[in-house]
> 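Provided herewith is a single structure, encoded as C-alpha cells, for subsequent inquiry.
Naming: A, B, ... by sequence-line order, numbering from 1 per chain.
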Protein chains: 2
Amino acid sequence: MVTTEAETVLRGSPYRADCPTRHILDRIGDRWTVLIVGALWDGSARFSELRRRVEGVSQKMLTQTLRGLERDGLVRRTVHPEVPVRVEYALTEAGRTLREPLRALQEWSIAHLGDVSAAQEAYDHANRPPLDSTDRDE
Amino acid sequence: MVTTEAETVLRGSPYRADCPTRHILDRIGDRWTVLIVGALWDGSARFSELRRRVEGVSQKMLTQTLRGLERDGLVRRTVHPEVPVRVEYALTEAGRTLREPLRALQEWSIAHLGDVSAAQEAYDHANRPPLDSTDRDE
DNA sequence: CAGGATCCAGGGAGATACTG
DNA sequence: CAGTATCTCCCTGGATCCTG
C-alpha cells in the first residue's frame, strides 16, 4: 500500500470508496464504538461493567461493538474460566493509540458545543418560524 | 452546566446521554459529514462539485448533510442569484477548527490501516473459518 | 443547477428467551 | 455472568420524479 502523504489523501482518495478513511469511519461511525473506547480509557472492564458505564447501550450492541473492536485488534478480550464466567475487556496497544485522536475530537466538541448550539438555535429561528409548540429542543 | 475537565468528562459524563460528546458523535457519526468536511478542506465548492468530489453520496444525503452542517454553523451556504442558480458551500471558522481533530483521526486510520486489516484477517481465520473445512486444530 | 418530495428496501437497534 | 439467537420495528439512506 502506497502511503501517500496525509494531505494528498485528504484531497484525493478519501472521497473514493477505496480509501482507508472509509473503513475507519465505518468503525467510529457508530456511536457506541467511541463511547466504549472511552469506557475502557483507563483500564479493563467486565461486560456488565461496560454495560453500566456506557449508558443506553443494549446488550446486543455492546457485544456487537466489542466484537468489532476485537476483530480490529483494538480491544483484547480475556476470559477467566472461573466459576461464574468472567470476561475482561481492555484496549490493546493499537486501541490505546486511538485514544489520542478521539480525545482531540472530544475536546473539540466540548469547546464548540456552545457555538454549535447557538448556531442551531439561530438556524432554526431563522428558517423554521413557529409551526406549533412542536419545537425540537434538546 | 458542570464544565468538568476533559479527563473527568471522559470518564464520567460521556456515557450519559446528556453529554456533549453524544451530539458530536451524532454529527460525525454519519460517514458523509466527515467526507464533506474533507471535500471543503481547501475552499468552497458548489453542490455539483461536492457531489462529484464525494463519491457515492446521493443527492439526498449530500443535501441533508450539508443542511446539518449549516445548521451547526460549520458550513456556510452562499446563494448566487445568477441565471442558473449557483450555490457555494464553504467551511465557517468553526468548521475549519474541526479539520484538526478530523485530520488526526484520518492520520490515525492511515497509520493503522495495516494493523487493523491484519487483525481482522487473523480474527476471521481463528474464529470463523468458512464452512466446508473439517480441520479442527487448536 | 440546486434541491424538494416520495416510495421503498435494508439494516441498525431494542426486547425477549435461552444456553454454558 | 456473559453471551447467542430471533423477531420485529423503525430510521437511514438510495432511487426516482419533479420544481424554481
Side-chain angles (χ1 to χ4, degrees), chain A residues 15 17 22-23 25-36 39-40 44-72 75-90 123-124 126-129 131 136 138, chain B residues 15 17 22-23 25-36 39-40 44-71 75-90 123-124 126-128 131:
Chain A
Y15 316 125
R22 297 267 176 139
H23 292 272
L25 286 180
D26 285 344
R27 196 103 296 299
I28 67 161
D30 68 291
R31 46 190 317 137
W32 301 125
T33 297
V34 180
L35 293 174
I36 289 177
L40 290 172
S44 61
R46 299 189 279 300
F47 189 83
S48 305
E49 176 68 18
L50 285 174
R51 207 167 160 185
R52 251 172 282 127
R53 302 245 275 244
V54 184
E55 274 191 31
V57 69
S58 65
Q59 165 270 322
K60 178 186 177 181
M61 281 302 101
L62 182 54
T63 300
Q64 198 169 296
T65 307
L66 282 171
R67 295 199 122 222
L69 285 168
E70 187 191 357
R71 195 177 97 105
D72 289 349
V75 160
R76 182 177 5 112
R77 182 187 169 218
T78 311
V79 181
H80 299 272
E82 302 175 353
V83 187
V85 182
R86 182 176 141 194
V87 182
E88 285 214 329
Y89 293 93
Y123 183 90
D124 292 343
N127 216 323
R128 289 267 166 135
L131 262 178
R136 264 188 87 262
E138 188 110 6
Chain B
Y15 314 124
R22 297 265 175 139
H23 292 272
L25 287 179
D26 285 343
R27 197 105 292 302
I28 67 160
D30 68 291
R31 48 191 315 137
W32 302 124
T33 297
V34 181
L35 293 173
I36 290 176
L40 291 171
S44 61
R46 300 190 280 297
F47 189 84
S48 305
E49 176 68 18
L50 285 175
R51 207 168 161 184
R52 250 172 283 127
R53 301 245 275 245
V54 184
E55 274 191 29
V57 69
S58 64
Q59 167 267 319
K60 179 185 178 181
M61 280 302 100
L62 182 53
T63 301
Q64 196 169 296
T65 307
L66 282 171
R67 295 201 122 219
L69 285 169
E70 187 191 357
R71 195 177 98 104
V75 160
R76 180 176 9 109
R77 182 187 169 218
T78 311
V79 182
H80 298 273
E82 303 174 353
V83 187
V85 182
R86 183 177 141 195
V87 182
E88 286 214 328
Y89 292 93
Y123 183 90
D124 292 342
N127 214 323
R128 290 263 164 139
L131 40 134

> Can you list, by residue number, the residues of residues 75-84 of chain A that have a non-hydrogen atom closer than 4.0 angstrom to DNA chain D?
A:R77

> Mind checking side chain to side chain donor-acceptor pair (under 3.5 Å) for A:Q64 and listing every partner two or more places apart, or none if nothing turns up?
none

> Tabulate protein N/O versus nucleotide N/O from nucleotides 12-18 of chain C, keeping only pairs under 3.5 Å, one per line.
from	atom 1	to	atom 2	distance (Å)
C:dA13	N7	A:K60	NZ	2.8
C:dA13	N6	A:K60	NZ	3.3
C:dG14	OP2	A:S58	OG	2.7
C:dG14	O6	A:K60	NZ	2.7

> Grab the CD-C1' distance between B:E55 and D:dG13 for me, whole Å please.
18 Å

> What is the distance, to the nearest angstrom, from the CG atom on A:L50 to the C1' atom on D:dC1?
13 Å

> Can you give me the closest heavy-atom contact between B:T65 and B:W32, atom names plus distance?
OG1-CB, 3.6 Å

> Using whole Å, report how far CG of B:L62 lies from C1' of D:dG13.
13 Å

> Between A:L35 and A:V57, does the side chain to side chain contact (heavy atoms under 4.5 Å, CB included) criterion hold? Intermediate values first, please.
CA-CA 10 Å; A:L35 293 174; A:V57 69; over 6 Å; no

> Ignoring hydrogens, what is the shortest heavy-atom contact between B:R53 and B:A39? Give both atom names and the distance.
NH2-O, 2.5 Å

> Give a yes/no answer on whether the side chain of B:Y89 brings an N or O atom under 4.0 Å of OP1 or OP2 in C:dG3.
yes

> My understanding is that only one of A:R77, A:R76, A:E88 makes a side-chain hydrogen bond (donor to acceptor under 3.5 Å, both in side chains) with A:S44; could you say which?
A:E88

> Provide, to the nearest angstrom, the distance between the CZ atom belonging to A:F47 and the P atom belonging to C:dG20.
18 Å

> Using a cut-off of strictly less than 4.0 Å, decide whether B:R67 has a side-chain nitrogen or oxygen near OP1 or OP2 of C:dG4.
yes

> Report the C-alpha distance between B:L66 and B:L50 in whole Å, list the side-chain angles of each, state the deciding distance to 0.1 Å, and finish with yes or no for side chain to side chain contact (heavy atoms under 4.5 Å, CB included).
CA-CA 10 Å; B:L66 282 171; B:L50 285 175; 3.9 Å; yes

> Please report the distance, rounded to the nearest Å, between CD in A:E49 and P in D:dG3.
14 Å

> Applying side chain to side chain contact (heavy atoms under 4.5 Å, CB included), run through B:Y123 and A:D72 and close with a yes or a no.
CA-CA 8 Å; B:Y123 183 90; A:D72 289 349; over 6 Å; no

> Is the closest basic N to carboxylate O distance between B:E70 and B:R67 below 4.0 Å?
no

> If you count heavy atoms of other groups shown closer than 6.0 angstrom to CZ of A:R46, is the number above 12?
no

> Hey, which sits more toward the 5' end of DNA chain C by its nearest nucleotide, A:V85 or B:V87?
B:V87

